Amino acid sequence: MSIPSDVRDIFHRFDRNRSGRLDYRELRNALTALSLDTSHSHAAKILTRYDSDQNGLLELDEFANLCRQLREWQWATCPPDV
């Protein structure tokens, strides 16, 4: 899967410990930066939903899947002006 450079950049910016994975705190900070204000418990639920290997962390490909779905939702609810 090809991961857009902006998604890769966001992931690396919020991977504070440079583990190559986001925990729920790092995910919450990333979601907040994307203007999605969320609680720690909500971020933990999102992590659980998109954590396909169920290791309790989001790797880049899992984060990219979350971003792709967020973008699809955004386009469906707020299509850009033509």
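Remember, it's a predicted structure, so these values are computed and weren't measured experimentally.
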In chain order, what residues pass the side-chain hydrogen bond (donor to acceptor under 3.5 Å, both in side chains) check against Asp23, with sequence neighbours excluded? none

For Asp6, which residues count as a salt bridge (charged side-chain N to carboxylate O under 4.0 Å, His left out) partner, sequence neighbours excluded? Arg71

Can you list the residues that meet the salt bridge (charged side-chain N to carboxylate O under 4.0 Å, His left out) rule with Glu59, with sequence neighbours excluded? Arg21

Any residue meeting side-chain hydrogen bond (donor to acceptor under 3.5 Å, both in side chains) with Ser5, in chain and number order, not counting sequence neighbours: none

So, taking the atom named CG in Leu58 and the one named CG in Leu47, what distance separates them when rounded to the nearest 0.5 Å? 4.0 Å

Test: ring-ring contact (aromatic ring centres under 6.0 Å, His included). Region: residues 25-61. Which pairs qualify, not counting sequence neighbours? Tyr24-His40

I want to check something: taking the side chain as every heavy atom from C-beta on, are Leu36 and Leu70 in contact at a cut-off of under 4.5 Å? yes

Are the side chains of Arg13 and Asp9 in contact, using a 4.5 Å heavy-atom criterion? no

Considering residues at least two apart in sequence or located in another chain, which fulfil the side-chain hydrogen bond (donor to acceptor under 3.5 Å, both in side chains) criterion with Ser52? Glu62

Applying side-chain contact (heavy atoms from CB on, under 4.5 Å) to Phe63 and Ile10, what does each step give before you reach the verdict? CA-CA 10 Å; Phe63 181 73; Ile10 291 169; 3.8 Å; yes

Might you work through the side-chain contact (heavy atoms from CB on, under 4.5 Å) test for Leu31 and Leu66, ending with a clear yes or no? CA-CA 10 Å; Leu31 293 173; Leu66 167 61; 4.2 Å; yes

Results of side chain to side chain contact (heavy atoms under 4.5 Å, CB included) for Arg16 - residues two or more places apart only: Phe14, Glu26

Between Leu57 and Val7, is there shared hydrophobic-cluster membership here, with clusters defined by ILVMFWY side-chain heavy atoms closer than 4.5 Å? no

Sequence neighbours excluded, every pair satisfying salt bridge (charged side-chain N to carboxylate O under 4.0 Å, His left out) that has a member inside residues 40-57: none

Where do Ala43 and Arg28 come nearest, in terms of heavy atoms and distance? CB-CB, 3.7 Å

